[in-house]
Each structure stands twice: as structure tokens, then as C-alpha cells.
Amino acid sequence: MKVLTVFASGGGSNFKAIHHSIVSGEIHGEIALLVSNNPNCGAVKYADEAGITHTIINQSRYPEKKYRDDTMLEILLGIEPDLIILAGYMKKIPDKVVNRFNKKIVNIHPALLPKFGGKGYYGMNVHQAVMNAGEEKSGATVHFVNEEYDKGSILAQEEVIIEPQDTAKSLAEKVLKIEHELYPQVIKAYCEDRIIWKNNQPKIEEVIEN
Ligand code: GAR
């Protein structure tokens, strides 16, 4: 049973999808903690309802950046999670946390990285940029987190086709829907030790059915 920590800032639909997969027995893991920067977000509300411990780390609670970052690291060291899951977390993870949890932090991004990633590309901004660029497809990417925004090794991607009638809003809905399938699958694989690193690139080992 792997120990998981989820970070989320928004509606929390990915967090819910992951939790549902745990409850149904698909994912062999337990969520030890939800970390959020936003005490009023949907993810925190869901954690309350589902009885999942949560903590708020933000500027108003910890005004000094160094203390805020150290507190985050200390909390995580107290849990020693096997995996840290960023699920719509809109803040940058401090370098000291990234370094300490190397290859143990994953993020989901609502586009086909390396396109439409980096600073400023989050949430609806991503979908608007994809639409403005006249792309024919978009999708979701799960990647490991390193010190640079959206630059860590890609672990899994799933595409969606952009139809002529799509808007940034309808694209966001389509992508979110596939995120709810893709992210639990990747986390399931992680919890079953099916993420293999070769030449510094991660790969998901598929289950061979007899
Ligand atoms: C998701 O689409 C996720 O990919 C995106 O925010 C949304 C969160 O939705 N993440 C980013 O943009 C990170 N750069 P949720 O709160 O309903 O899971």
C-alpha cells in the first residue's frame, strides 16, 4: 500500500477521481494528506467531506517564503509519501521539495506537452492558447516534476480531437474528462511498481493479461 499526498488548488475533480479509484480498490494506495494553498477550494471541501486530512500552506499563513517552503518540506518529511500528486495545484513546488522527492512528484497538465506548457500556462489559459493557435488536437499529459515548470519527463499522454464548434470552455471539459481516466491509471501503475526508468526516461509497464 503506497502512501500518497495530493496537492490541489481548485475544483478538485482530479483529486476526487483519484480518491474514488482508491475507494473502489483500483488504486492500492492511501491519501495521507491533501495540501492546498486555497482554503475555500473544492478540493478542500471534498477532503472535509471524505475525512481526508488537509493542510493549508499559503502566503497569508506563512508570509515568509523560506519558512513557508521549509514548513512544506518538514510536513512532507513527516509523512514520507511514496508519491506526491499535483492535481490542479497552481503554485510552483519549491526546489528543495523537488530535490528531496526526486522522481516522486507527478503533475497533470491540460495539454500535449511540450506544447503549451511553462509559466502562465495553467487552467483556462492553456485551452485558450490552444484554441488561438488553431490546433487540431489537444489532450492531457502526466509528467514527473523537476525544477522547471512543465519540463519534467513525460510519463503518459492522451489526446482529444478539437472539433470546429469547440470553444476553450468545451475543450477544457473534454480534456478534464480524459484526465479523470488517465491520472488514476498512472497512479495505479505507480502503486503497482509498474513505472520503469530506462536511460532516465520513465515508462509504464502494461499488465499482461493471461
Ligand atoms: C486540470 O485541468 C489540470 O490539468 C489543470 O488544472 C485543472 C484542475 O482541475 N492543471 C494545470 O493547469 C496545472 N498547470 P481540478 O481542480 O478539477 O482537478
Side-chain angles (χ1 to χ4, degrees), residues 4-23 27 31 33-50 52 54-58 83-95 97-98 105-133 135 137-162 166-188:
L4 311 172
T5 298
V6 179
F7 280 54
S9 308
S13 67
N14 278 290
F15 170 46
K16 280 181 217 168
I18 294 161
H19 185 244
H20 286 167
S21 296
I22 289 173
V23 172
I27 294 177
I31 300 173
L33 181 70
L34 170 78
V35 177
S36 183
N37 58 306
N38 179 359
N40 303 313
C41 72
V44 168
K45 278 196 196 96
Y46 180 76
D48 267 336
E49 285 161 22
I52 297 166
H54 58 79
T55 190
I56 305 298
I57 302 179
N58 61 16
L83 185 65
I84 295 170
I85 300 162
L86 309 187
Y89 184 65
M90 301 305 177
K91 294 276 171 194
K92 196 163 185 293
I93 299 292
D95 285 356
V97 173
V98 173
I105 310 178
V106 285
N107 179 43
I108 192 155
H109 184 78
L112 297 173
L113 291 174
K115 281 178 141 185
F116 305 104
K119 204 169 169 19
Y121 283 104
Y122 58 86
M124 280 307 282
N125 298 349
V126 178
H127 303 296
Q128 196 56 62
V130 169
M131 293 304 293
N132 292 349
E135 296 288 307
K137 60 184 186 182
S138 188
T141 303
V142 179
H143 64 94
F144 280 95
V145 171
N146 63 12
E147 292 96 331
E148 281 183 273
Y149 265 123
D150 303 325
K151 285 279 174 64
S153 308
I154 292 175
L155 189 49
Q157 283 186 318
E158 191 82 40
E159 292 180 4
V160 299
I161 303 294
I162 301 176
D166 270 323
T167 59
K169 189 168 174 283
S170 68
L171 176 60
E173 283 162 12
K174 273 187 188 174
V175 171
L176 203 53
K177 205 164 156 206
I178 61 161
E179 289 184 34
H180 297 161
E181 309 257 317
L182 183 67
Y183 218 6
Q185 277 171 25
V186 172
I187 294 159
K188 176 179 165 66

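Every number for a ligand or one of its atoms is a count from 1 in the order of the listing. When reading the values below, keep in mind they use all heavy atoms of this one structure, side chains included, and skip hydrogens, waters and symmetry mates. Sequence positions, counted from 1, serve as the residue numbers for this chain. Every value quoted in this text rests on a predicted model; they were computed, and no experiment measured them.
For atom 8 (C) of ligand 1, the nearest non-hydrogen atom of the protein is Gly88 CA, 3.7 Å. For atom 14 (N) of ligand 1, the nearest protein heavy atom (residue, atom name, distance) is His109 ND1, 3.6 Å. Nearest protein neighbour of atom 12 (O) of ligand 1, counting heavy atoms only, is Gly123 N, 2.8 Å. The closest protein non-hydrogen atom to atom 11 (C) of ligand 1 is Pro110 CD, 3.7 Å. Nearest protein neighbour of atom 9 (O) of ligand 1, counting heavy atoms only, is Leu176 CD1, 3.8 Å. For atom 17 (O) of ligand 1, the nearest non-hydrogen atom of the protein is Ser13 OG, 2.5 Å. If you check which protein heavy atom lies closest to atom 16 (O) of ligand 1, you get Gly12 N, 2.8 Å.
Polar contact with ligand 1: absent for Asn107 (N/O pair, distance under 3.5 Å). Taking distance alone, with nitrogen or oxygen atoms compared against 3.5 Å, Tyr122 stays at or beyond that limit from ligand 1. Considering backbone and side-chain atoms alike, Ala87 places every N or O at 3.5 Å or more from each N or O of ligand 1.
Heavy-atom minimum distance, Glu179 versus Pro184: O-CD, 3.7 Å. The shortest heavy-atom contact between Tyr183 and Val106 is OH-O, 3.2 Å. Across all non-hydrogen atoms, the minimal contact from Glu147 to Val98 is N-CG1, 3.9 Å. Contact record, Ala8 with Ala87: CB-O, 3.3 Å, taken as the closest heavy-atom pair.
Proximity of Tyr121 to ligand 1 is established by a heavy-atom distance of less than 4.0 Å. Distances shorter than 4.0 angstrom occur between a heavy atom of Ile108 and an atom of ligand 1. Under the 4.0 angstrom criterion for non-hydrogen atoms, Lys16 is not in contact with ligand 1. Taking a 4.0 Å cut-off on heavy atoms, Ala8 fails to register as neighbouring ligand 1.
Inter-residue side-chain proximity for Phe7 and Asn37 is flagged as unmet; no heavy-atom pair is nearer than 4.5 Å.
Side-chain atoms of Ser9 and Asn38 include no donor-acceptor pair closer than 3.5 Å. There is no side-chain donor-acceptor pair under 3.5 Å between His54 and Ser36.
Classification of Glu173 and Lys169 as a salt-bridged pair holds, one side-chain N sitting under 4.0 Å from a carboxylate O.
At most 12 non-hydrogen atoms from other residues, nucleotides or ligands lie less than 6.0 angstrom from OH of Tyr122.
For ligand 1, the atoms sitting less than 4.0 Å from at least one non-hydrogen atom of Gly11 are 16 (O), numbered in the order shown with element in parentheses. Per-residue contacts place Gly10 under 4.0 angstrom from the following atoms of ligand 1 (heavy atoms of the residue considered): 16 (O).
When heavy-atom distances to ligand 1 are checked against a 4.0 Å cut-off, Leu86 has no atom that comes that close, whether in backbone or side chain.
When Glu179, Met124, His180, Met90 are checked for heavy-atom proximity to atom 2 (O) of ligand 1, Glu179 turns out nearest.
Looking only at distances, a side-chain donor or acceptor of Lys174 sits under 3.5 Å from a matching main-chain atom of Ile161. A donor-acceptor pair is defined here as one N or O able to donate and one able to accept, closer than 3.5 Å; such a pair exists between the side chain of Thr141 and the backbone of Ala111.
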